[in-house]
Asks: 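Starting off with a structure, shown below.
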Amino acid sequence: MTLFDRVFNGNDYNYERTVAAIDQAIATYGEAEPVAYPGTAYNLPCYYSITGKKINNLGELKAALENDIKPMMTRNPRLQDAFDSGVASALCAEFLEVLKYLHGAEPYAEPEMGFLTDAFVRNLGLPLVTGDIPGVAVIIGGAENPAETVELAKSYQAQGILVTLTGASIRHCHEAGMNLGEGVRVVPLGYEDQSVIHVVSVALRAALIFGAIEPGDTKALYAYTMNRVRAFVNAYKSLSDEIVSYGAGAIQLGFPVISNETENMFRVPKSLIQQLDTSKWNATSLEARDIKLKITKIDIPVSYATAFEGEIIRRGDMQVEVDGSRVDCFELVQTKEAAEVEDHKIEVVGPEIDEIPVGSKISLSYTIEVAGKAMQPDFESVMERKIHAWLNCIEGVMHTGQRDMIRVRISKADFEAGFKFRHLGEVLYAKVMSEFEAVADKCQVKIVVDAEQNKALRAHANEIFNARDARLASMTDESVKEFYTCIMCQAFSPSHVCIVTPERLGLCGAVSWLDAKATKELDPHGPCQPILKEGCQDERLGRYDSMDEAVNKYSHGAVEKITLYSLFEDPMTSCGCFECICGVEPVSMGVVITCREHAGMTPLGMTFSDMASMTGGGVQTPGFMGHGKHFISSKKFIAAEGGPGRIVWMPQLLKEQMRERLDATALEMYGVENFTDMIADETVCTEDPEELLNYLSEVGHPVLGMEPFDM
Ligand code: SF4
């Protein structure tokens, strides 16, 4: 049997059972039964991205199978026929999987995750761009010895690679007690082989969300997945014809398949790679996909990788907890003269972890002192904001909060592996010196584990934080001479440019004006370049000749003009990894904002995913705009249309996050107390604009006194 036969057989098998399954579903529910995946604005994402068509019910699903999928199943012994049949087989898998969700069913239970929502895809945006997730491994099946599967998955996890598991690999990792889920970037899709379609769905949505690829433009779609989504497949023998057909589909998307199968398998250069020694799969896969790893060698007794960033350490698993809510704790970065810093000095004042009873909540502080010719006090807060991610990447350590409200848990497993407080210092030292190498010449870390000393030290740290806050508060768009570009997201959204100002951070929420300034120092020819504020055409809109020139240049001519403060007139583009999105609510003449964490409906009759699908990929969509959370409380938030006083609806969790700053801004701008309470949320109304209007009238919302939008 040839490889072609295996692909065609696998495709035929999938097609026939899809026909049978749809017929069965129609017999049970009727042709009008709605068909949908949960948490996506992209319908059946693989079918939609490939054909440009949407499917609403079982009748349409059956017609799509006959009219769109069947014609792809040509049977000439040529590579393109095999690839097309692979895609057809993958689409059958997507149809089979969506049938599981009929009638609001929740077909997957832990550890399986099944379909991955748009929020999952968007969460991947920034780490893929920054290289924190250097690639995506798709592991199908498992090794004869389960320990080998676990070792392979862990090897990718330790490199920060997103791992997806199908079939026996889930069982092997689950039974070995491995932590699984989005938080640790090891994602069990499903025990059935067809569940592999859920990672294909992520890759194709990335093209629509970040790349603004037109659904149905398969040439552009496959070029995007090939060039920008660094995925690869590791398939353990024995491979069924069904899996072989999925492999052909993967190759069409540009994802090489590495397997130890020898039965009727043939090598396809750079695409289908036989590697019988599975211990070499990691190296072979990285080479095949040209994945470069950011190597951080840190001298600690446990693993260090971005994959551990979302790891949760439960109370029963913790050895000690640094608890800033009960005792004096803080983290601080300070600029020092070179003579005051002894490079790589890690000092622990007080007892080490092995001198403290298990389960203790302790007072602990760490102060990082940095010296360097190019070091500036402005970079202290930029480094401090990174401590959260730096410490969370330690396997078995969980960090939350910042400044003097931190919580750090160190697990019992780490303690048993020999992890000490000084290792926190090792990590902080290594990260400062590697990520800020252009400004940090020397660095030392002092860790104090003493309640009495920390009380005084914390009071001093708070004086520093207060002075810094006063300086930041005085920093406005008017008080600086230049703004910064950020084009970091161009790896995925080739025409997107953020203009970052003191009062408008990047839409991912991760790049403030100070961050952009520091990035410029660290990487002079990198993604953040200063743009002098020149040729102001309209102060209200925030329209400058120099900003237009910059976006034109950095978007390669795709965007000609932007304004900094308007939702309607040439709004800033959105790439896809925005924290929030706002959209016009025409009945109240206000704006609705929702965020990625909120999956529910808004009064626009759209979820976050629906609204987000209106923009993204570096295009301008007047009336919709992606933005960072902290922009909501900025006086410059849609200032051209009246400012944050236009906000009429936000989900409760976002209101709570923004309350303090938003109330302060509204008091200053409109003289309104407790403005956040005047904003409706899901407890007031979800879909009915009339209910929203009634609420706004009841609370005397300032939007009712504003001019209608000039749309
Ligand atoms: S500031 Fe903009 S371009 Fe830069 S990383 Fe954030 S979203 Fe991407």
Side-chain angles (χ1 to χ4, degrees), residues 118-119 121-134 206-207 209-212 228-229 294 306 309 381-382 385-386 388-389 435 477 480 482-531 542 547 550-556 558-559 562-565 570-582 593 595-596 608 611-612 614-621 624-632 634 636-637:
D118 290 354
V121 184
R122 288 178 189 280
N123 287 343
L124 291 179
L126 197 57
L128 281 170
V129 164
T130 56
D132 284 339
I133 298 181
I209 291 173
F210 305 118
R228 297 184 189 267
V229 182
K294 282 193 198 168
T306 52
E309 221 177 313
S381 57
V382 177
R385 284 207 308 135
K386 291 189 167 249
H388 173 69
E435 291 198 14
D477 287 4
V480 298
E482 75 241 317
F483 299 149
Y484 285 87
T485 60
C486 182
I487 55 165
M488 224 170 321
C489 283
Q490 287 199 353
F492 279 85
S493 293
S495 56
H496 174 68
V497 183
C498 273
I499 299 288
V500 181
T501 81
E503 292 178 84
R504 180 170 189 166
L505 80 173
L507 53 85
C508 56
V511 181
S512 69
W513 186 83
L514 280 178
D515 289 309
K517 187 175 171 209
T519 305
K520 163 72 182 162
E521 283 299 321
L522 296 168
D523 184 1
H525 303 292
C528 295
Q529 295 299 322
I531 311 295
M547 301 304 146
V551 288
N552 209 334
K553 174 176 164 194
Y554 289 103
S555 72
H556 319 289
V559 183
I562 57 129
T563 63
L564 300 172
Y565 312 132
D570 304 316
M572 201 142 8
T573 60
S574 302
C575 54
C577 50
F578 36 84
E579 290 185 299
C580 301
I581 184 163
C582 65
I593 302 178
C595 58
R596 228 186 285 168
F608 176 86
M611 288 169 71
M614 305 285 294
T615 180
V619 294
Q620 289 172 306
T621 315
F624 286 92
M625 188 173 68
H627 55 85
K629 281 184 184 169
H630 287 295
F631 188 42
I632 294 170
S634 163
K636 294 294 194 293
F637 176 77

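Order of listing sets the numbers, starting from 1, for every ligand and every atom in it.
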Asks: Between K386 and E435, which heavy-atom pair has the shortest distance, and what is it?
Replies: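 It is NZ-OE1, 3.4 Å.
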Asks: Kindly state each residue pair satisfying salt bridge (charged side-chain N to carboxylate O under 4.0 Å, His left out) with at least one member in residues 494-511, sequence neighbours excluded.
Replies: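 Sorted pair list: E503-K636.
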Asks: So, for F483 and M547, which heavy atoms are closest and what is the spacing to 0.1 Å?
Replies: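 That closest heavy-atom pairing would be CD1-CE, 3.5 Å.
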Asks: Hey, which protein N/O/S atoms does atom 8 (Fe) of ligand 1 have under 2.8 Å?
Replies: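 Sorted hits: C489 SG.
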Asks: Report the distance from atom CD of E521 to atom SG of C528, rounding to the nearest 0.5 Å.
Replies: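 Between atom CD of E521 and atom SG of C528 there are 12.0 Å.
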Asks: Using every non-hydrogen atom in the two residues, find where L507 and C575 come nearest and quote the distance to one decimal.
Replies: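 Smallest interatomic distance, heavy atoms only, reads CD1-SG, 3.6 Å.
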Asks: Once rounded to the nearest 0.5 Å, what's the spacing between atom CZ of R385 and atom CG of D515?
Replies: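 Separation between the atoms: 4.0 Å.
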